[in-house]
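Structure first, commentary second.
Remember, predicted model here, so these are calculated numbers, not experimental data. Naming: A, B, ... by sequence-line order, numbering from 1 per chain.
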Amino acid sequence: MMHPPLTPTDFQQRLISWQQTHGRHDLPWQQDPTPYRVLVSEIMLQQTQVATVIPYFERWMASFPTIEALAAASEDEVMSHWQGLGYYSRARNLRKAALYITEECGGQFPDQVETLLKIPGVGRYTAGAIASFAYNTYGPIVDGNVKRLFCRFFGIEGVPGTTQVDKTLWHLAETYTPNQSNRAFAQGLLDMGATVCKPKNPTCDDCSFQPECIAYQSNRVDQLPTPKPKKTIPTRTGQFLWIESNGKLLLEKRADNGIWGALWCLPQIHLEPEQLGEHVQLKGSFKHTFTHYKLDAKVWHVDRLGEQADNQQWFPFDACAELGLPTPIRKFLTRNAPQSA
DNA sequence: AATTCGGGGGG
DNA sequence: CCCCCAGAATT
């Protein structure tokens, strides 16, 4: 039976009620939701699942309990805590955010969407999330959960992520976000998307919005949101160097732009294998798949180094574990370090 | 408007 | 194998 559309007020009341009885209340960042804790959690959660983030969040808070502690930390220390989480610009920006807030905001944490947007690494979604979760004030959010829920509930056609569809989604978010109980409302949106209105096998029978859901009522739940056209990703090759001396390994700190920015890594050269000298022999290889390309990597054993660059440094093998290393590089070291065999 | 940023969860 | 994940910055 098709019902008339829900007014924003009715939508808010039903969602908040659902959140209080069926939503998540035990996530680490929900306990003591200070602006700093909310900021850290929201940055970590960008394009990253809750279960993956939790141990990183706990370790981060143990090492950097306050924004002042984070502002005082070195970039290497920060990158080490982010290693394995991916999208490393988030870590660099989070450190910049701490410096920005402590030094340029007089230690006063921004508390409105407009000023939150000035924080490095904070975009429209994260600004709304901080307003909602940290300050319990009006802060519209549109993330993957909201896109999916809204596309189904409102029957929105078109691929989310395109300008036109996103404009519609954000307009709906601004219209349907209340001016009170924002913490519960925003959490309700995310929890509904994560536990009921899931990408696959959504549990529509348990959904309190089923009577007004356009997708359900028109039997299009499995067709909305409109899927993105898939792309074939290219394969790139990469040549890395294994330079070992006196029980130490030569590593290189990568530039802060590009892949694995600001992480320590085996030195990478931009030559073809055929161009390598006679005294260079293959140490091993690995493959790795990124979002937009596949990496087919070879690691070459080199006896001596021509000239050591400023961004290169020797590390004992056991000290490498403390560094922020790219995941496939870390795995390669684990397999090839002298005493690990 | 498209591309570039990781790595893993789960079907 | 596939799509997706509490997106932002850059081109």
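Residue A:Gly258 is in sugar-phosphate contact alone, with no base atom involved, counting any heavy-atom pair closer than 4.0 Å across all strands shown. Residue A:Gln187 is in base contact, counting any heavy-atom pair closer than 4.0 Å across all strands shown. As judged by a 4.0 angstrom heavy-atom cut-off over every strand, A:Pro227 is placed among residues making no nucleic acid contact. No engagement by A:Leu94 is indicated, since no non-hydrogen atom pair under 4.0 Å with the nucleic acid exists.
Using a 4.5 Å heavy-atom threshold, the side chains of A:Tyr36 and A:Leu70 count as touching. The side-chain heavy atoms of A:Pro120 and A:Arg92, taken from C-beta on, include no pair separated by under 4.5 Å. A:Val142 has its side chain out of reach of A:Arg124: every pair of non-hydrogen atoms, C-beta onward, lies at least 4.5 Å apart. A:Thr203 is not listed as a side-chain neighbour of A:Thr195, based on a closest heavy-atom distance of 4.5 Å or more.
Nearest nucleotide to the side chain of A:Thr126, out of C:dG7, B:dC5, C:dA6: C:dG7. Here the nucleotide nearest the side chain of A:Ile259, chosen from B:dG8, C:dA8, B:dC5, is B:dC5. Closest to the side chain of A:Lys200, from the set C:dA9, C:dA6, B:dG11, is B:dG11. Side-chain proximity of A:Tyr125 to the nucleotides C:dA6, B:dG6, C:dC2 is greatest for C:dA6. In this structure, the nucleotide among B:dG7, C:dA8, C:dC5 sitting nearest to the side chain of A:His288 is B:dG7.
Following rounding to the nearest Å, A:Lys198 (NZ) and B:dG9 (P) show an atom-to-atom distance of 17 Å. Rounded to a whole Å, the CG atom of A:Asp256 is 12 Å from the P atom of B:dC5. When the P atom of B:dT4 is taken as reference, atom OH of A:Tyr87 falls 12 Å away, rounded to whole Å. Distance, A:Leu85 CG to C:dC5 P: 16 Å, rounded to whole Å. Counting to the nearest Å, the P atom of B:dG7 and the NE2 atom of A:His81 are 18 Å from each other. Rounded to an integer number of Å, the gap from A:Trp260 CH2 to B:dT4 P is 16 Å. Protein atom CE of A:Met44 is 16 Å distant from nucleotide atom C1' of B:dG8, rounded to whole Å. One atom, CD1 of A:Ile233, and another, P of B:dG6, lie 14 Å apart when rounded to the nearest Å.
Both A:Phe290 and A:Arg236 sit near DNA chain B, but only A:Arg236 has its closest nucleotide nearer the 5' end. Place A:Asn257 and A:Ala51 on DNA chain B by their nearest nucleotides, and A:Asn257 ends up nearer the 5' end. Checking A:Glu42 against A:Ile119, the closest nucleotide of DNA chain C that is more toward the 5' end is the one next to A:Glu42.
Taking atom P in both C:dA6 and B:dG11, one finds a spacing of 14 Å when rounded to whole Å. Distance check on atom P: B:dG6 versus C:dT11 gives 15 Å, rounded to whole Å.
Contact between the side-chain N/O atoms of A:Lys230 and the OP1/OP2 oxygens of C:dC3 is found at a separation under 4.0 Å. When the side-chain nitrogen and oxygen atoms of A:Gln47 are compared with OP1 and OP2 of C:dC5, none of them lie within a distance under 4.0 Å. Side-chain nitrogen and oxygen atoms of A:Lys231 include at least one within less than 4.0 Å of the OP1 or OP2 phosphate oxygen of B:dT3.
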What do the steps show when you test A:Phe240 against A:Phe332 for ring-ring contact (aromatic ring centres under 6.0 Å, His included), and what is the final call?
-> CA-CA 11 Å; A:Phe240 296 87; A:Phe332 188 86; 9.0 Å; no
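Cation-pi geometry between A:Lys283 and A:Trp242 is satisfied (NZ or CZ under 6.0 Å from the ring centre, within 45° of the ring normal).
Residue side chain A:Arg92 does not reach the base of C:dA9 through any donor-acceptor N/O pair under 3.5 Å, judged by distance alone. At a cut-off of 3.5 angstrom, counting only N and O atoms as typed in the model, there is a donor on one side and an acceptor on the other between the side-chain of A:Thr291 and the base of B:dG6. Judged by distance alone with a 3.5 Å cut-off, a donor-acceptor contact links the side chain of A:Thr48 to the base of B:dG6.
Screening A:Phe64, A:Trp260, A:Tyr87, A:Trp60 against A:Trp82 for a ring-ring contact (aromatic ring centres under 6.0 Å, His included) leaves a single residue, A:Trp60.
Nucleotide C:dT11 has B:dA1 as its partner under the Watson-Crick or G-U criteria, with both atom distances under 3.5 Å.
Within 6.0 Å of CD on A:Glu174 lie more than 12 heavy atoms contributed by other residues, nucleotides or ligands.
Here the CH2-CD1 distance, from A:Trp264 to A:Ile329, works out to 14.0 Å after rounding to the nearest 0.5 Å.
Of all the residues in residues 142-166 of chain A, A:Thr163 reach under 4.0 Å from DNA chain B with at least one non-hydrogen atom.
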